[in-house]
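If you read the sequence from its start, that first residue is 1, and numbering goes on from there.
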Amino acid sequence: MAALSKSIPHNCYEIGHTWHPSCRVSFLQITGGALEESLKIYAPLYLIAAILRKRKLDYYLHKLLPEILQSASFLTANGALYMAFFCILRKILGKFYSWTPGFGAALPASYVAILIERKSRRGLLTIYMANLVLLFCITAAMYMFFFRCKDGLKGFTFSALRFIVGKEEIPTHSFSPEAAYAKVEQKREQLEEKPRRMNMIGLLRKLVDSICKHGPRHRCCKHYEDNCISYCIKGFIRMFSVGYLIQCCLRIPSAFRHLFTQPSRLISLFYNKENFQLGAFLGSFVSIYKGTSCFLRWIRNLDDELHAIIAGFLAGISMMFYKSTTISMYLASKLVETMYFKGIEAGKVPYFPHADTIIYSISTAICFQAAVMEVQTLRPSYWKFLLRLTKGKFAVMNRKVLDVFGTDASKHFQDFIPRLDPRYTTVTPELPTEFS
(Lines give C-alpha, C1' and ligand atoms only; values in the text may rest on other atoms or scores of the structure.)
Protein backbone atom coordinates (compact mmCIF):
# COMPACT_ATOMS: atom_id res chain seq x y z
CA MET A 1 0.00 0.00 0.00
CA ALA A 2 2.94 2.31 0.69
CA ALA A 3 4.12 1.93 -2.88
CA LEU A 4 0.63 2.76 -4.18
CA SER A 5 0.47 5.97 -2.14
CA LYS A 6 4.01 7.07 -3.01
CA SER A 7 4.16 9.81 -5.65
CA ILE A 8 6.61 11.89 -7.70
CA PRO A 9 6.13 15.52 -8.76
CA HIS A 10 7.42 15.19 -12.36
CA ASN A 11 5.16 16.24 -15.24
CA CYS A 12 4.13 14.14 -18.24
CA TYR A 13 6.93 15.58 -20.43
CA GLU A 14 9.62 14.50 -17.94
CA ILE A 15 8.40 10.88 -17.86
CA GLY A 16 6.16 10.09 -20.84
CA HIS A 17 6.68 12.09 -24.03
CA THR A 18 10.34 12.98 -23.43
CA TRP A 19 10.92 13.61 -27.15
CA HIS A 20 8.68 16.73 -27.20
CA PRO A 21 7.40 19.01 -24.42
CA SER A 22 3.95 19.54 -25.97
CA CYS A 23 1.22 17.07 -25.02
CA ARG A 24 -0.77 17.90 -28.15
CA VAL A 25 2.16 17.42 -30.54
CA SER A 26 3.17 14.16 -28.83
CA PHE A 27 -0.39 12.86 -29.10
CA LEU A 28 -0.52 13.65 -32.83
CA GLN A 29 2.87 12.00 -33.43
CA ILE A 30 1.78 8.82 -31.62
CA THR A 31 -1.51 8.82 -33.54
CA GLY A 32 0.19 9.15 -36.93
CA GLY A 33 2.72 6.40 -36.25
CA ALA A 34 0.11 4.06 -34.77
CA LEU A 35 -2.26 4.57 -37.71
CA GLU A 36 0.49 3.79 -40.21
CA GLU A 37 1.47 0.57 -38.42
CA SER A 38 -2.16 -0.44 -37.87
CA LEU A 39 -2.90 -0.21 -41.60
CA LYS A 40 0.19 -2.30 -42.35
CA ILE A 41 -1.08 -4.96 -39.96
CA TYR A 42 -4.77 -5.07 -40.86
CA ALA A 43 -4.72 -4.43 -44.63
CA PRO A 44 -2.95 -7.69 -45.61
CA LEU A 45 -4.69 -9.58 -42.77
CA TYR A 46 -8.21 -8.71 -43.97
CA LEU A 47 -7.29 -9.21 -47.61
CA ILE A 48 -5.93 -12.71 -47.00
CA ALA A 49 -8.96 -13.56 -44.83
CA ALA A 50 -11.30 -12.39 -47.60
CA ILE A 51 -9.51 -14.54 -50.17
CA LEU A 52 -9.57 -17.62 -47.93
CA ARG A 53 -13.28 -17.12 -47.20
CA LYS A 54 -13.96 -16.71 -50.95
CA ARG A 55 -15.69 -13.37 -50.57
CA LYS A 56 -17.69 -12.03 -53.51
CA LEU A 57 -16.84 -8.87 -55.43
CA ASP A 58 -19.43 -6.85 -53.49
CA TYR A 59 -17.44 -7.39 -50.28
CA TYR A 60 -14.22 -6.05 -51.83
CA LEU A 61 -16.04 -3.00 -53.20
CA HIS A 62 -18.13 -2.02 -50.20
CA LYS A 63 -17.00 -3.75 -47.00
CA LEU A 64 -13.29 -4.56 -47.12
CA LEU A 65 -11.98 -0.99 -46.73
CA PRO A 66 -14.44 0.03 -43.96
CA GLU A 67 -13.53 -3.10 -41.95
CA ILE A 68 -9.80 -2.42 -42.36
CA LEU A 69 -10.24 1.19 -41.28
CA GLN A 70 -12.41 0.22 -38.31
CA SER A 71 -9.87 -2.26 -36.93
CA ALA A 72 -6.98 0.09 -37.71
CA SER A 73 -8.82 2.87 -35.86
CA PHE A 74 -9.25 0.59 -32.84
CA LEU A 75 -5.54 -0.22 -32.64
CA THR A 76 -4.57 3.41 -33.30
CA ALA A 77 -6.91 4.62 -30.57
CA ASN A 78 -5.43 2.12 -28.13
CA GLY A 79 -1.99 3.69 -28.53
CA ALA A 80 -2.98 7.32 -29.02
CA LEU A 81 -5.55 7.46 -26.21
CA TYR A 82 -3.02 5.95 -23.82
CA MET A 83 -0.83 9.00 -24.46
CA ALA A 84 -3.83 11.29 -24.02
CA PHE A 85 -4.94 9.78 -20.69
CA PHE A 86 -1.32 9.68 -19.54
CA CYS A 87 -1.25 13.50 -19.75
CA ILE A 88 -4.83 13.98 -18.54
CA LEU A 89 -4.26 11.98 -15.35
CA ARG A 90 -1.10 13.96 -14.56
CA LYS A 91 -3.00 17.24 -14.96
CA ILE A 92 -5.92 16.02 -12.80
CA LEU A 93 -3.84 14.45 -9.99
CA GLY A 94 -0.97 16.95 -10.14
CA LYS A 95 1.62 14.17 -9.71
CA PHE A 96 2.38 10.56 -10.69
CA TYR A 97 1.60 7.51 -8.58
CA SER A 98 2.91 4.00 -9.29
CA TRP A 99 -0.33 2.96 -11.02
CA THR A 100 -0.96 6.06 -13.15
CA PRO A 101 1.74 5.81 -15.89
CA GLY A 102 0.67 2.28 -16.88
CA PHE A 103 -2.59 0.84 -15.56
CA GLY A 104 -4.31 4.17 -14.87
CA ALA A 105 -3.76 5.60 -18.34
CA ALA A 106 -4.24 2.35 -20.25
CA LEU A 107 -7.53 1.27 -18.64
CA PRO A 108 -9.77 4.08 -19.99
CA ALA A 109 -7.81 4.16 -23.25
CA SER A 110 -8.37 0.44 -23.83
CA TYR A 111 -12.04 0.66 -22.90
CA VAL A 112 -12.74 3.48 -25.35
CA ALA A 113 -10.63 1.85 -28.07
CA ILE A 114 -12.33 -1.55 -27.91
CA LEU A 115 -15.72 0.11 -28.40
CA ILE A 116 -14.51 1.21 -31.83
CA GLU A 117 -13.73 -2.37 -32.90
CA ARG A 118 -16.40 -4.67 -34.30
CA LYS A 119 -18.10 -6.68 -31.57
CA SER A 120 -17.35 -9.97 -33.33
CA ARG A 121 -13.63 -9.28 -32.90
CA ARG A 122 -13.71 -8.38 -29.21
CA GLY A 123 -11.96 -11.46 -27.88
CA LEU A 124 -10.96 -12.08 -24.28
CA LEU A 125 -7.25 -11.44 -23.71
CA THR A 126 -4.76 -13.20 -21.46
CA ILE A 127 -1.24 -12.05 -20.63
CA TYR A 128 0.94 -15.07 -19.97
CA MET A 129 0.99 -18.87 -20.03
CA ALA A 130 3.82 -21.01 -18.77
CA ASN A 131 3.70 -23.68 -21.46
CA LEU A 132 2.70 -22.34 -24.87
CA VAL A 133 2.51 -25.69 -26.72
CA LEU A 134 0.49 -27.35 -23.96
CA LEU A 135 -1.95 -24.43 -23.99
CA PHE A 136 -2.38 -24.80 -27.74
CA CYS A 137 -2.84 -28.59 -27.44
CA ILE A 138 -5.66 -28.17 -24.91
CA THR A 139 -7.23 -25.36 -26.92
CA ALA A 140 -7.05 -27.37 -30.15
CA ALA A 141 -8.58 -30.42 -28.44
CA MET A 142 -11.60 -28.45 -27.25
CA TYR A 143 -12.02 -26.61 -30.55
CA MET A 144 -12.01 -29.84 -32.53
CA PHE A 145 -14.49 -31.42 -30.12
CA PHE A 146 -16.92 -28.52 -30.56
CA PHE A 147 -16.30 -28.67 -34.31
CA ARG A 148 -17.39 -32.30 -34.37
CA CYS A 149 -20.44 -31.74 -32.15
CA LYS A 150 -23.79 -30.70 -33.60
CA ASP A 151 -24.23 -26.92 -33.24
CA GLY A 152 -20.90 -26.83 -31.40
CA LEU A 153 -19.37 -23.99 -33.40
CA LYS A 154 -20.92 -21.40 -35.67
CA GLY A 155 -19.93 -18.56 -37.93
CA PHE A 156 -16.36 -17.81 -38.93
CA THR A 157 -14.77 -20.27 -36.48
CA PHE A 158 -16.71 -23.20 -37.95
CA SER A 159 -15.99 -22.06 -41.53
CA ALA A 160 -12.28 -21.64 -40.78
CA LEU A 161 -11.95 -25.12 -39.26
CA ARG A 162 -13.95 -26.65 -42.10
CA PHE A 163 -11.51 -25.02 -44.53
CA ILE A 164 -8.46 -26.23 -42.57
CA VAL A 165 -9.38 -29.85 -41.79
CA GLY A 166 -12.01 -30.41 -44.49
CA LYS A 167 -15.72 -31.16 -44.43
CA GLU A 168 -14.95 -34.89 -44.31
CA GLU A 169 -14.33 -34.58 -40.56
CA ILE A 170 -17.82 -33.19 -39.89
CA PRO A 171 -19.73 -36.21 -38.52
CA THR A 172 -23.07 -35.57 -40.22
CA HIS A 173 -23.52 -35.03 -43.96
CA SER A 174 -26.57 -34.42 -46.09
CA PHE A 175 -25.70 -37.25 -48.45
CA SER A 176 -25.44 -41.01 -48.04
CA PRO A 177 -22.29 -43.09 -48.68
CA GLU A 178 -23.93 -44.61 -51.76
CA ALA A 179 -24.62 -41.17 -53.21
CA ALA A 180 -21.06 -40.10 -52.42
CA TYR A 181 -19.62 -43.09 -54.27
CA ALA A 182 -21.87 -42.34 -57.24
CA LYS A 183 -20.57 -38.76 -57.33
CA VAL A 184 -16.98 -39.97 -57.21
CA GLU A 185 -17.54 -42.37 -60.10
CA GLN A 186 -19.26 -39.66 -62.11
CA LYS A 187 -16.36 -37.29 -61.49
CA ARG A 188 -13.84 -39.89 -62.62
CA GLU A 189 -15.78 -40.56 -65.81
CA GLN A 190 -15.83 -36.84 -66.60
CA LEU A 191 -12.09 -36.61 -66.06
CA GLU A 192 -11.51 -39.56 -68.38
CA GLU A 193 -13.66 -38.02 -71.09
CA LYS A 194 -12.07 -34.57 -70.82
CA PRO A 195 -8.25 -34.56 -70.99
CA ARG A 196 -6.64 -32.15 -68.55
CA ARG A 197 -3.40 -30.27 -68.69
CA MET A 198 -0.60 -31.77 -66.61
CA ASN A 199 0.61 -28.78 -64.63
CA MET A 200 2.80 -29.00 -61.55
CA ILE A 201 -0.16 -29.48 -59.18
CA GLY A 202 -1.63 -32.17 -61.44
CA LEU A 203 1.65 -34.08 -61.53
CA LEU A 204 2.01 -33.83 -57.77
CA ARG A 205 -1.54 -35.07 -57.26
CA LYS A 206 -0.92 -37.98 -59.62
CA LEU A 207 2.26 -38.88 -57.76
CA VAL A 208 0.48 -38.89 -54.39
CA ASP A 209 -2.36 -40.98 -55.84
CA SER A 210 0.10 -43.52 -57.22
CA ILE A 211 2.00 -43.78 -53.93
CA CYS A 212 -1.16 -44.28 -51.90
CA LYS A 213 -3.06 -46.23 -54.51
CA HIS A 214 -3.43 -49.42 -52.54
CA GLY A 215 -3.84 -47.88 -49.11
CA PRO A 216 -6.75 -48.86 -46.84
CA ARG A 217 -9.81 -46.79 -45.92
CA HIS A 218 -12.08 -47.59 -43.01
CA ARG A 219 -15.81 -47.86 -43.69
CA CYS A 220 -16.49 -45.07 -41.14
CA CYS A 221 -14.18 -42.64 -42.92
CA LYS A 222 -15.99 -40.16 -45.14
CA HIS A 223 -13.07 -39.22 -47.39
CA TYR A 224 -14.50 -41.38 -50.17
CA GLU A 225 -12.11 -40.23 -52.90
CA ASP A 226 -8.95 -41.13 -50.96
CA ASN A 227 -7.64 -43.86 -48.75
CA CYS A 228 -6.48 -42.89 -45.26
CA ILE A 229 -2.81 -42.48 -46.16
CA SER A 230 -3.51 -40.33 -49.20
CA TYR A 231 -6.04 -38.33 -47.19
CA CYS A 232 -3.39 -37.33 -44.61
CA ILE A 233 -0.66 -36.58 -47.18
CA LYS A 234 -2.92 -34.43 -49.31
CA GLY A 235 -4.08 -32.58 -46.21
CA PHE A 236 -0.48 -31.77 -45.31
CA ILE A 237 0.43 -30.58 -48.83
CA ARG A 238 -2.69 -28.41 -49.12
CA MET A 239 -2.31 -26.57 -45.80
CA PHE A 240 1.49 -26.34 -46.10
CA SER A 241 0.92 -24.47 -49.36
CA VAL A 242 -1.67 -22.19 -47.73
CA GLY A 243 0.67 -21.35 -44.83
CA TYR A 244 3.60 -20.71 -47.15
CA LEU A 245 1.54 -18.37 -49.36
CA ILE A 246 0.09 -16.48 -46.38
CA GLN A 247 3.54 -15.77 -44.98
CA CYS A 248 4.77 -14.70 -48.42
CA CYS A 249 1.86 -12.25 -48.75
CA LEU A 250 2.58 -10.78 -45.32
CA ARG A 251 6.19 -10.11 -46.33
CA ILE A 252 5.33 -8.40 -49.63
CA PRO A 253 5.03 -4.80 -48.27
CA SER A 254 8.44 -4.87 -46.54
CA ALA A 255 10.11 -6.60 -49.51
CA PHE A 256 8.89 -4.07 -52.08
CA ARG A 257 10.01 -1.16 -49.88
CA HIS A 258 13.57 -2.28 -50.58
CA LEU A 259 12.96 -3.19 -54.23
CA PHE A 260 15.38 -0.59 -55.62
CA THR A 261 17.83 -0.22 -52.74
CA GLN A 262 18.28 -3.93 -51.95
CA PRO A 263 16.87 -6.07 -54.79
CA SER A 264 18.40 -9.19 -53.28
CA ARG A 265 15.85 -8.98 -50.45
CA LEU A 266 13.15 -10.11 -52.89
CA ILE A 267 14.66 -13.58 -52.72
CA SER A 268 13.82 -13.73 -49.01
CA LEU A 269 10.18 -13.19 -49.95
CA PHE A 270 9.99 -16.76 -51.24
CA TYR A 271 12.86 -18.45 -49.45
CA ASN A 272 12.45 -17.54 -45.80
CA LYS A 273 12.45 -19.71 -42.70
CA GLU A 274 9.18 -18.22 -41.39
CA ASN A 275 7.39 -19.12 -44.63
CA PHE A 276 8.22 -22.78 -44.17
CA GLN A 277 7.55 -22.68 -40.41
CA LEU A 278 3.96 -21.49 -40.86
CA GLY A 279 3.46 -24.03 -43.65
CA ALA A 280 4.86 -26.84 -41.49
CA PHE A 281 2.62 -25.76 -38.60
CA LEU A 282 -0.61 -25.77 -40.61
CA GLY A 283 0.32 -28.84 -42.65
CA SER A 284 1.34 -30.95 -39.65
CA PHE A 285 -1.71 -29.84 -37.65
CA VAL A 286 -4.07 -31.07 -40.36
CA SER A 287 -2.17 -34.28 -41.13
CA ILE A 288 -1.81 -35.26 -37.45
CA TYR A 289 -5.48 -34.51 -36.78
CA LYS A 290 -6.67 -36.47 -39.81
CA GLY A 291 -4.24 -39.32 -39.22
CA THR A 292 -5.24 -39.69 -35.57
CA SER A 293 -8.94 -39.54 -36.45
CA CYS A 294 -8.53 -42.29 -39.05
CA PHE A 295 -6.44 -44.37 -36.63
CA LEU A 296 -9.11 -44.13 -33.91
CA ARG A 297 -11.82 -45.11 -36.39
CA TRP A 298 -9.81 -48.22 -37.24
CA ILE A 299 -9.16 -49.05 -33.58
CA ARG A 300 -12.70 -48.48 -32.27
CA ASN A 301 -14.57 -49.33 -35.46
CA LEU A 302 -16.81 -46.27 -35.14
CA ASP A 303 -16.80 -42.52 -35.74
CA ASP A 304 -17.12 -40.65 -32.46
CA GLU A 305 -17.01 -36.94 -31.59
CA LEU A 306 -14.76 -37.80 -28.64
CA HIS A 307 -12.05 -38.77 -31.12
CA ALA A 308 -11.67 -35.07 -31.86
CA ILE A 309 -10.39 -34.37 -28.33
CA ILE A 310 -7.49 -36.82 -28.70
CA ALA A 311 -6.81 -35.91 -32.32
CA GLY A 312 -6.96 -32.17 -31.61
CA PHE A 313 -4.65 -32.47 -28.60
CA LEU A 314 -2.02 -34.41 -30.56
CA ALA A 315 -2.38 -32.03 -33.50
CA GLY A 316 -1.55 -29.19 -31.13
CA ILE A 317 2.04 -30.47 -31.01
CA SER A 318 2.39 -28.83 -34.43
CA MET A 319 2.85 -25.53 -32.54
CA MET A 320 6.47 -26.68 -32.13
CA PHE A 321 7.05 -25.57 -35.73
CA TYR A 322 5.59 -22.07 -35.26
CA LYS A 323 5.59 -20.95 -31.63
CA SER A 324 3.24 -17.99 -31.70
CA THR A 325 1.99 -16.40 -28.49
CA THR A 326 -0.51 -14.39 -30.50
CA ILE A 327 -2.15 -17.46 -32.06
CA SER A 328 -2.25 -19.43 -28.80
CA MET A 329 -3.61 -16.60 -26.69
CA TYR A 330 -6.17 -15.49 -29.25
CA LEU A 331 -7.52 -19.02 -29.77
CA ALA A 332 -7.55 -19.70 -26.03
CA SER A 333 -9.45 -16.47 -25.36
CA LYS A 334 -11.97 -17.22 -28.11
CA LEU A 335 -12.44 -20.71 -26.67
CA VAL A 336 -13.21 -19.24 -23.24
CA GLU A 337 -15.62 -16.84 -24.93
CA THR A 338 -17.32 -19.72 -26.80
CA MET A 339 -17.70 -21.80 -23.64
CA TYR A 340 -18.99 -18.77 -21.73
CA PHE A 341 -21.75 -18.08 -24.26
CA LYS A 342 -22.64 -21.78 -24.39
CA GLY A 343 -23.04 -21.67 -20.62
CA ILE A 344 -25.36 -18.68 -21.00
CA GLU A 345 -27.45 -20.53 -23.61
CA ALA A 346 -27.72 -23.52 -21.27
CA GLY A 347 -28.80 -21.24 -18.42
CA LYS A 348 -25.89 -22.30 -16.20
CA VAL A 349 -23.77 -19.17 -16.39
CA PRO A 350 -25.03 -15.63 -15.63
CA TYR A 351 -24.80 -13.05 -18.38
CA PHE A 352 -22.61 -10.03 -17.66
CA PRO A 353 -23.19 -7.16 -20.12
CA HIS A 354 -20.00 -5.93 -21.82
CA ALA A 355 -17.92 -8.63 -20.10
CA ASP A 356 -15.59 -8.94 -23.11
CA THR A 357 -15.00 -5.17 -23.19
CA ILE A 358 -14.24 -4.95 -19.47
CA ILE A 359 -11.90 -7.95 -19.46
CA TYR A 360 -10.09 -6.66 -22.53
CA SER A 361 -9.60 -3.26 -20.90
CA ILE A 362 -8.27 -4.70 -17.64
CA SER A 363 -5.98 -7.17 -19.42
CA THR A 364 -4.53 -4.51 -21.69
CA ALA A 365 -4.08 -2.12 -18.75
CA ILE A 366 -2.09 -4.79 -16.89
CA CYS A 367 0.10 -5.28 -19.97
CA PHE A 368 0.77 -1.53 -20.19
CA GLN A 369 1.54 -1.38 -16.48
CA ALA A 370 4.17 -4.07 -17.01
CA ALA A 371 5.49 -2.30 -20.13
CA VAL A 372 6.06 0.91 -18.13
CA MET A 373 7.10 -0.36 -14.70
CA GLU A 374 8.51 -3.87 -15.30
CA VAL A 375 9.52 -4.40 -18.93
CA GLN A 376 11.59 -7.42 -17.87
CA THR A 377 8.38 -9.33 -17.06
CA LEU A 378 6.79 -8.68 -20.45
CA ARG A 379 6.96 -11.14 -23.32
CA PRO A 380 9.52 -9.95 -25.92
CA SER A 381 7.01 -10.33 -28.75
CA TYR A 382 4.52 -7.99 -27.04
CA TRP A 383 7.25 -5.46 -26.24
CA LYS A 384 8.34 -5.44 -29.88
CA PHE A 385 4.72 -4.90 -30.90
CA LEU A 386 4.43 -1.86 -28.60
CA LEU A 387 7.65 -0.43 -30.00
CA ARG A 388 6.38 -0.95 -33.53
CA LEU A 389 3.03 0.64 -32.77
CA THR A 390 4.63 3.75 -31.20
CA LYS A 391 7.59 4.00 -33.62
CA GLY A 392 9.99 3.23 -30.77
CA LYS A 393 8.66 5.98 -28.47
CA PHE A 394 7.66 3.55 -25.73
CA ALA A 395 11.37 2.92 -25.13
CA VAL A 396 12.21 6.59 -24.46
CA MET A 397 10.14 7.00 -21.31
CA ASN A 398 12.14 8.29 -18.35
CA ARG A 399 12.10 5.05 -16.37
CA LYS A 400 14.97 6.06 -14.06
CA VAL A 401 12.55 8.40 -12.30
CA LEU A 402 10.10 5.51 -11.86
CA ASP A 403 12.65 3.37 -9.97
CA VAL A 404 11.49 5.07 -6.78
CA PHE A 405 8.44 2.79 -6.85
CA GLY A 406 10.68 -0.28 -6.41
CA THR A 407 9.87 -2.17 -9.62
CA ASP A 408 13.30 -1.83 -11.33
CA ALA A 409 11.59 0.08 -14.14
CA SER A 410 14.94 1.14 -15.67
CA LYS A 411 16.55 -2.30 -15.44
CA HIS A 412 16.92 -2.60 -19.23
CA PHE A 413 17.37 1.15 -19.79
CA GLN A 414 20.37 1.91 -17.58
CA ASP A 415 22.22 3.81 -20.31
CA PHE A 416 19.26 5.94 -21.36
CA ILE A 417 18.86 9.48 -20.01
CA PRO A 418 16.37 11.69 -21.89
CA ARG A 419 17.53 15.10 -23.14
CA LEU A 420 14.95 17.35 -21.51
CA ASP A 421 14.52 21.08 -21.94
CA PRO A 422 14.73 22.52 -18.38
CA ARG A 423 12.30 25.27 -19.36
CA TYR A 424 9.47 22.71 -19.33
CA THR A 425 10.46 20.56 -16.32
CA THR A 426 9.39 20.70 -12.68
CA VAL A 427 12.51 18.91 -11.43
CA THR A 428 16.06 19.72 -12.57
CA PRO A 429 16.78 17.14 -15.31
CA GLU A 430 19.68 14.73 -15.01
CA LEU A 431 22.56 15.11 -17.47
CA PRO A 432 23.31 14.68 -20.31
CA THR A 433 21.31 17.53 -21.74
CA GLU A 434 21.78 19.68 -24.84
CA PHE A 435 20.17 22.70 -23.25
CA SER A 436 21.89 25.30 -21.14
Side-chain angles (χ1 to χ4, degrees), residues 3-38 72-117 122 125 354 357-375 378 382-383 385-387 389-405 407 409-410 418 420-427 429:
L4 290 175
S5 61
K6 189 180 292 186
S7 64
I8 51 178
H10 301 71
N11 60 34
C12 48
Y13 165 54
E14 293 172 271
I15 295 179
H17 47 89
T18 59
W19 63 91
H20 200 285
S22 171
C23 296
R24 185 181 294 107
V25 172
S26 301
F27 170 77
L28 292 176
Q29 289 176 344
I30 291 289
T31 303
L35 180 59
E36 180 185 341
E37 291 302 320
S38 299
S73 299
F74 145 71
L75 195 55
T76 301
N78 226 145
L81 291 177
Y82 167 75
M83 190 77 266
F85 282 106
F86 185 95
C87 299
I88 290 170
L89 275 177
R90 169 60 180 80
K91 292 183 185 300
I92 292 175
L93 300 176
K95 57 183 72 175
F96 276 110
Y97 296 89
S98 62
W99 54 272
T100 51
F103 189 89
L107 184 64
S110 303
Y111 185 84
V112 175
I114 196 63
L115 295 177
I116 299 173
E117 180 61 288
R122 298 176 191 174
L125 300 180
H354 311 297
T357 304
I358 294 170
I359 295 176
Y360 170 82
S361 304
I362 295 173
S363 301
T364 306
I366 293 173
C367 285
F368 271 71
Q369 178 72 9
V372 174
M373 304 298 292
E374 298 177 277
V375 177
L378 204 64
Y382 191 75
W383 174 243
F385 169 73
L386 289 177
L387 291 180
L389 190 65
T390 60
K391 296 290 186 180
K393 290 183 173 60
F394 221 119
V396 297
M397 294 183 73
N398 191 0
R399 288 178 170 82
K400 280 186 176 293
V401 176
L402 300 175
D403 282 339
V404 69
F405 296 116
T407 60
S410 66
L420 301 172
D421 188 338
R423 294 175 298 175
Y424 302 99
T425 62
T426 56
V427 179

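- Atom CD1 of Ile358 sits about 13.0 Å away from atom OG of Ser110, to the nearest 0.5 Å.
- Between the side chain of Ser7 and the main chain of Lys95, no donor-acceptor pair closer than 3.5 Å is present.
- Among all heavy-atom pairs drawn from Trp19 and Val396, the shortest one is CE3-CG2, 3.7 Å.
- Between the Gln369 side chain and the Phe103 main chain, a donor and an acceptor come within less than 3.5 Å of each other.
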Determine, stepwise, if the pair Cys12 / Met83 fulfils side-chain contact (heavy atoms from CB on, under 4.5 Å). CA-CA 9 Å; Cys12 48; Met83 190 77 266; 5.9 Å; no
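- Without hydrogens or angle criteria, Tyr13 side chain to Asp421 main chain gives a donor-acceptor distance under 3.5 Å.
- A pairwise comparison of heavy atoms in Val427 and Pro9 identifies CG2-CG, 4.0 Å as the closest pair.
- Nearest approach of Arg90 to Asn11, heavy atoms of both residues: NE-CA, 3.2 Å.
- Taking the side chain as every heavy atom from C-beta outward, Thr76 and Leu81 never approach each other to under 4.5 Å.
- Atom CH2 of Trp99 and atom CZ of Phe405 lie 11.0 Å apart (nearest 0.5 Å).
- Checked by atom type and distance alone, the side chain of Asn78 never pairs as donor or acceptor with a backbone atom of Ala113 at under 3.5 Å.
- Of the possible polar contacts, none joining the Thr18 side chain to the Ile15 backbone as a donor-acceptor pair under 3.5 Å is found.
- Here Phe74 contributes atom CZ and Ile114 contributes atom CD1; the two are 4.0 Å apart, rounded to the nearest 0.5 Å.
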Kindly determine whether Ile88 and Cys23 satisfy side-chain contact (heavy atoms from CB on, under 4.5 Å), including the steps that lead there. CA-CA 9 Å; Ile88 290 170; Cys23 296; over 6 Å; no
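- Gly102 approaches Tyr82 most closely through the heavy-atom pair O-CE1, 3.9 Å.
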Could you go through the side-chain contact (heavy atoms from CB on, under 4.5 Å) check for Gln29 and His17 one step at a time? CA-CA 10 Å; Gln29 289 176 344; His17 47 89; over 6 Å; no
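- To the nearest 0.5 Å, the span separating CE on Met397 from OG on Ser410 amounts to 12.5 Å.
- Side chains of Val375 and Arg399 form a contact here, defined as non-hydrogen atoms less than 4.5 Å apart.
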Please test Thr100 against Leu93 for side-chain contact (heavy atoms from CB on, under 4.5 Å), starting from the C-alpha separation and ending with a verdict. CA-CA 9 Å; Thr100 51; Leu93 300 176; 3.5 Å; yes
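- Residues passing the side chain to side chain donor-acceptor pair (under 3.5 Å) test with Glu374: none are found, sequence neighbours excluded.
- A distance of 15.0 Å separates NE2 in His20 from CZ in Phe27, rounded to the nearest 0.5 Å.
- Phe368 and Phe394 get closest at one heavy-atom pair: CE2-CE1, 3.7 Å.
- Within the 4.5 Å cutoff, the side chain of Ile8 has heavy atoms near those of the Val404 side chain.
- Using cut-offs of 30° and 60° for the angle between ring planes, the Phe86 and Phe96 rings count as tilted.
- Across every non-hydrogen atom of Leu386 and Thr390, the tightest pair is O-OG1, 2.8 Å.
- Every residue meeting the side chain to side chain donor-acceptor pair (under 3.5 Å) condition with Thr426, not counting sequence neighbours, appears here in chain and number order: Glu14.
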